[in-house]
Amino acid sequence: MEKKKSLEKKYEYAWDKYSKEDLEKVFELNDRYINFMSKCKTERECIDEFIVLAEKAGYKNIDDLIKENGSLKAGDKVYGNNMGKTLAMFTIGSESFEKGMRILGAHVDSPRLDLKQNPLYEDTDLALLDTHYYGGIKKYQWVTLPLAIHGVMIKKDGTVVNVVIGEDANDPVVGISDLLVHLSADQLQKKLAKGIEGEDLNILVGSMPIEDKEAKSRVKQNILKILNEKYDIDEEDFVSAELEVVPAGAARHYGLDKSMVMAYGHDDRVCSFTSFEAMLKMQNPTKTCVTLLVDKEEVGSIGATGMHSRFFENVVAEVMNLCGDYNELKVRRALSNSKMLSSDVSAAYDPNYPSVMEKRNCAYFGKGIVFNKYTGARGKSGCNDANPEYIAQIRAMMEKHNVSWQTSELGKVDQGGGGTIAYILAEYGMEVIDCGVAVQNMHAPWEVVSKADVYETMRGYHAFLQEA
């Protein structure tokens with residue numbers, strides 16, 4: 001007798017379906033992800049690494065093709081690089097652009113501390129760097145941690161100086177001090193959000209003076225001397241610098257069973273990495289496939305490298321022109337007929353903090369890629385809210401490819417909320433839904449994800465790109 005199909009939907013653990021060969025693939029992908037996250041801690045570092053890997057996979061720089069009066073055809077691979085902080089990758093399909101594209105869109109920026117333009121100062125024989133935090137952080141989480149400095153300094157002649165301090169085993173680390181508990185009576189009476197103020201997130205970088213006892217700010221002078229000897233820079237070069245303070249150290253296997261990954265910047269580099277990996281698997285698609293990796297999502301997607309810029313629209317026009325299929329109306333049709341996965345993380349259920357989640361509508365570790373019909377806050381303010389017709393198509397894709405998936409909201413209705421780049425792409429009229437990896441400790445210096453979810457998310461993105 002045929003077994004009766006259950007009418008209930010059960011979200012099964014992805015781990016339960018894996019064969020030995022599957023597990024090897026899960027851990028192999030996550031080993032590469034750990035290496036990527038250990039190396040790439042800024043937007044520029046992420047985009048630089050993705051371009052190196054993309055070129056090895058056959059992607060060509062669109063700027064070079066334009067200069068050479070080149071052309072594109074079905075099966076070709078091309079990328080556009082926007083100021084080193086945004087990347088758009090295209091694998092050209094056999095169908096006309098007018099029929100739409102399949103787009104994966106993630107962001108490569110993460111919450112952090114940025115150095116101010118005039119950051120270096122001395123106070124009571126200590127040298128410090130003044131910071132301005134970027135994105136939504138809990139400020140108290142950033143004190144008494146080993147921190148590293150990553151970024152670029154641009155000299156007046158245009159020379160780019162790459163800076164990484166605190167990652168090599170022989171490098172020093174820096175950090176932010178906190179009060180000892182014995183003297184914290186007043187601090188401990190403050191609300192958690194006020195325990196550490198933004199202007200107190202100053203990085204201690206030195207305490208040794210230069211030899212000249214007659215000099216002023218001798219400790220600061222010594223730090224400038226060290227930086228000049230290593231990087232050939234002076235204090236004025238801070239004005240034209242982009243230096244980010246991030247947690248020092250490598251990403252790690254997490255848990256005694258090594259089933260998870262701990263890293264800085266899972267939000268949203270885990271979805272950037274899995275989108276990129278899925279894109280590399282695409283060969284000769286029917287519809288043009290796109291992976292779009294943008295900057296500035298954590299501060300509203302504004303600026304020349306954020307999703308609100310015209311970069312993506314412009315590069316789509318350039319690609320269509322190289323394919324001999326450009327006019328303004330066709331560009332508009334290509335965008336409105338496209339379908340997109342806004343590849344961004346969701347909050348994972350944490351049994352230490354159950355009160356903020358509604359258990360039937362939240363994401364769990366190990367149950368696969370997470371789909372958020374809407375994000376926003378409270379009354380769905382600022383959300384995209386995907387159409388049910390589109391969600392039905394997505395369900396069919398995941399089932400066809402045996403991808404483990406689940407649905408979620410970002411906490412209880414009145415608890416909070418969040419947003420992604422989904423609503424910005426939806427302005428073109430395309431179908432968009434948020435989906436990605438569930439994360440614990442989101443926006444903390446060290447975040448945690450499940451390796452099974454990383455693997456299933458990559459598989460889900462690949463399934464989406466394949467289904468024209």
Side-chain angles (χ1 to χ4, degrees), residues 11-18 20 22-42 45-46 49 106 108 110-112 135 137-138 140-148 150 166-167 169 173 175 246-277 343-354 356-357 362-370 404 406 408 410 436-460:
Y11 297 104
E12 305 291 348
Y13 284 110
W15 295 108
D16 290 336
K17 72 179 182 183
Y18 293 147
K20 181 179 179 181
D22 291 330
L23 283 173
E24 289 175 355
K25 293 177 182 178
V26 171
F27 286 103
E28 188 274 334
L29 176 69
N30 279 277
D31 284 346
R32 285 192 284 113
Y33 177 56
I34 286 173
N35 290 334
F36 171 80
M37 292 296 280
S38 299
K39 181 179 182 181
C40 302
K41 293 189 175 182
T42 70
E45 290 169 348
C46 289
E49 180 69 6
V108 292
S110 294
R112 60 179 187 262
I137 67 170
K138 291 182 176 180
Y140 67 85
Q141 293 179 331
W142 287 78
V143 301
T144 70
L145 290 177
L147 300 174
H150 291 234
E167 300 293 354
V173 294
V246 298
R252 301 285 297 273
H253 302 285
Y254 195 80
L256 299 184
D257 54 4
K258 296 185 178 181
S259 64
M260 297 166 282
V261 176
M262 181 193 77
Y264 162 68
H266 283 317
D267 179 13
D268 182 37
R269 291 168 191 150
V270 66
C271 294
S272 298
F273 178 83
T274 47
S275 296
F276 181 85
E277 288 283 322
S343 310
D344 209 338
V345 297
S346 188
Y349 179 80
D350 187 339
N352 284 327
Y353 304 98
V356 299
M357 295 290 191
C362 64
Y364 296 88
F365 272 2
K367 292 194 175 182
I369 184 172
V370 183
S404 297
Q406 55 185 317
S408 180
L410 194 60
V437 178
V439 179
Q440 280 192 1
N441 306 346
M442 193 190 300
H443 282 212
W446 296 105
E447 301 170 322
V448 180
V449 297
S450 163
K451 290 182 178 180
D453 295 338
V454 174
Y455 182 66
E456 292 299 314
T457 298
M458 183 277 292
R459 294 184 66 243

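Just so you know, these numbers come straight off a predicted model, no measurement behind them.
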Main-chain N/O of Val439 paired to Glu447 side chain as donor or acceptor, under 3.5 Å: no

Would you find more than 12 non-hydrogen atoms of other residues, nucleotides or ligands less than 6.0 Å from Tyr353 atom OH? no

Just checking Lys17: does its NZ atom have more than 12 heavy atoms from other residues, nucleotides or ligands closer to it than 6.0 angstrom? yes

Excluding sequence neighbours, so at least two apart, what forms ring pair (Phe, Tyr, Trp, His ring centres under 6.0 Å) with [X]?
X: Phe273; answer: Tyr33, Phe36
X: Tyr254; answer: none
X: Phe365; answer: none

Carefully, step by step, assess Gln406 and Val370 under the rule side-chain contact (heavy atoms from CB on, under 4.5 Å). CA-CA 5 Å; Gln406 55 185 317; Val370 183; 3.7 Å; yes

Examine the side chains of His150 and Glu167 and answer whether a donor and an acceptor come within less than 3.5 Å of each other. yes

Pair Arg32-Leu29, side-chain contact (heavy atoms from CB on, under 4.5 Å): steps then yes or no: CA-CA 5 Å; Arg32 285 192 284 113; Leu29 176 69; 3.6 Å; yes

Would you please classify the geometry between the Phe27 ring and the Trp15 ring as parallel, tilted or perpendicular, with 30° and 60° separating the classes? tilted

Which distance, rounded to the nearest 0.5 Å, do you find between the CZ of Arg269 and the OG1 of Thr42? 6.5 Å

Pair Gln141, His443 - check side-chain contact (heavy atoms from CB on, under 4.5 Å), show working. CA-CA 10 Å; Gln141 293 179 331; His443 282 212; over 6 Å; no

